[in-house]
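Structure record follows, encoded as structure tokens.
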Amino acid sequence: MYPYLRSRLERWDIVAHNACKHVLCVSLPPAVHSLPQDLTDAYGPPSNFLEIDIFNPQTVGVGRARFTTYEVRMRTNLPIFKLKESCVRRRYSDFEWLKNELERDSKIVVPPLPGKALKRQLPFRGDEGIFEESFIEERRQGLEQFINKIAGHPLAQNERCLHMFLQEEAIDRNYVPGKH
């Protein structure tokens, strides 16, 4: 018989198989017993949460000065954010700015943004190009995935540029990079 092995909270029993001395059977540790949950715990707010939604796209301007903006709404109870709720308007170039700032100043791998759709920007198209509803919705979904991946990263949550992007009405592009 092999001796019992102990680790912090787990106990693994390793028992030699009687029929063959070369085969070991491993029995898994017993399930960790937890206290029963009451209704407040089960249906109350999560202990830590960060929710970011991109919604309400609006196209503004005319001709070459035409662009689409999106509302970026954040709700959180994480202490690192000074505001627990915020809603700002951002355009695609603001997301590009955030991506570039994080790539330059942080140690995290920054996910890609949805593409620029250069072919949709060509003149003399038979459709609305980048201002077509289906394209705007596809881009909105991509931007929402991008910002949630970024904001969910613990190291990115320390970056001043992320806080500015999510919580300040205007982005100060001359800010001094650093930790929040």
Side-chain angles (χ1 to χ4, degrees), residues 41-180:
D41 293 337
Y43 297 103
S47 56
N48 284 321
F49 71 92
L50 174 61
E51 300 169 358
I52 302 173
D53 299 309
I54 307 292
F55 67 105
N56 193 17
Q58 291 180 354
T59 300
V60 296
V62 291
R64 297 180 65 65
R66 191 174 179 196
F67 58 91
T68 302
T69 63
Y70 304 85
E71 279 188 56
V72 179
R73 179 178 49 206
M74 184 197 76
R75 287 181 0 111
T76 188
N77 65 356
L78 295 174
I80 191 141
F81 291 97
K82 67 181 178 186
L83 300 175
K84 299 310 167 199
E85 288 188 30
S86 64
C87 191
V88 294
R89 219 167 238 291
R90 298 287 180 246
R91 55 190 287 185
Y92 185 85
S93 60
D94 296 329
F95 285 87
E96 287 181 310
W97 171 83
L98 176 63
K99 182 180 187 310
N100 292 335
E101 290 298 304
L102 289 169
E103 286 175 337
R104 183 179 60 162
D105 294 319
S106 72
K107 304 284 187 261
I108 67 169
V109 176
V110 181
L113 280 167
K116 280 290 272 184
L118 296 174
K119 288 183 182 178
R120 285 187 168 268
Q121 297 178 37
L122 294 173
F124 310 114
R125 290 181 54 96
D127 60 11
E128 287 285 312
I130 62 171
F131 302 108
E132 201 162 283
E133 274 188 49
S134 61
F135 175 75
I136 290 173
E137 175 57 20
E138 187 178 311
R139 179 174 270 182
R140 184 203 65 76
Q141 291 174 8
L143 293 173
E144 190 170 85
Q145 288 175 352
F146 169 80
I147 195 63
N148 276 288
K149 284 179 184 176
I150 294 288
H153 195 292
L155 293 178
Q157 291 174 3
N158 289 317
E159 295 295 331
R160 192 161 169 241
C161 59
L162 178 65
H163 288 252
M164 193 181 334
F165 180 88
L166 290 172
Q167 299 192 313
E168 294 181 19
E169 204 59 47
I171 294 175
D172 176 10
R173 295 178 188 256
N174 299 317
Y175 86 109
V176 177
K179 304 294 179 219
H180 183 73

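It should be emphasised that the depicted structure is a prediction, and the values quoted were computed from it without experimental measurement.
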[atom1]/[X] to [atom2]/[Y] distance, rounded to the nearest 0.5 angstrom?
{"X": "Tyr92", "Y": "Ile136", "atom1": "OH", "atom2": "CD1", "value": "14.0 Å"}
{"X": "Glu101", "Y": "Glu159", "atom1": "CD", "atom2": "CD", "value": "9.5 Å"}
{"X": "Arg173", "Y": "Asn100", "atom1": "CZ", "atom2": "CG", "value": "9.5 Å"}
{"X": "Thr59", "Y": "Phe67", "atom1": "OG1", "atom2": "CZ", "value": "9.5 Å"}
{"X": "His163", "Y": "Lys82", "atom1": "NE2", "atom2": "NZ", "value": "9.5 Å"}
{"X": "Glu96", "Y": "Arg90", "atom1": "CD", "atom2": "CZ", "value": "14.0 Å"}

Nearest heavy-atom pair of [X] and [Y]: which atoms, and what distance?
{"X": "Ser86", "Y": "Leu83", "answer": "CB-CD1, 4.2 Å"}
{"X": "Leu166", "Y": "Val88", "answer": "O-CG2, 3.8 Å"}
{"X": "Arg89", "Y": "Glu169", "answer": "N-OE2, 4.5 Å"}
{"X": "Arg66", "Y": "Gly61", "answer": "CG-O, 3.6 Å"}
{"X": "Trp97", "Y": "Cys161", "answer": "CH2-CB, 3.7 Å"}

Looking at residues at least two apart in the chain, or sitting in another chain, which of them share a side-chain contact (heavy atoms from CB on, under 4.5 Å) with Arg73?
Asp53, Phe55, Cys87
Holding to side-chain contact (heavy atoms from CB on, under 4.5 Å), I want the full list of residues that pass it with Glu137, two or more places apart in sequence or in another chain.
Arg140, Gln141
Arg64 meets the side-chain hydrogen bond (donor to acceptor under 3.5 Å, both in side chains) criterion, sequence neighbours left out, with none
Across all chains, not counting sequence neighbours, the ring pair (Phe, Tyr, Trp, His ring centres under 6.0 Å) partners of Phe95 are Phe165
Residue list, salt bridge (Lys or Arg N to Asp or Glu O under 4.0 Å) with Glu103, at least two apart or on another chain:
Lys99
Establish, for the pair Arg160 and Tyr175, whether the NZ or CZ atom is under 6.0 angstrom from the six-membered ring centre and no further than 45 degrees off its axis.
no
Could you please spell out the steps behind the side-chain contact (heavy atoms from CB on, under 4.5 Å) verdict for Leu113 and Leu143?
CA-CA 7 Å; Leu113 280 167; Leu143 293 173; 3.9 Å; yes
Side-chain donor-acceptor pairs under 3.5 Å in residues 146-153, sequence neighbours left out?
unit_1, atom_1, unit_2, atom_2, d
Asn148, ND2, Ile52, O, 3.0
Asn148, ND2, Glu144, O, 2.9
His153, ND1, Leu155, N, 3.1

Treating Thr76 as the side-chain partner and Lys84 as the backbone partner, does any N or O pair qualify as donor plus acceptor under 3.5 Å?
no
Would you find a donor on one side and an acceptor on the other, under 3.5 Å apart, between the side chain of Asp94 and the backbone of Arg91?
yes
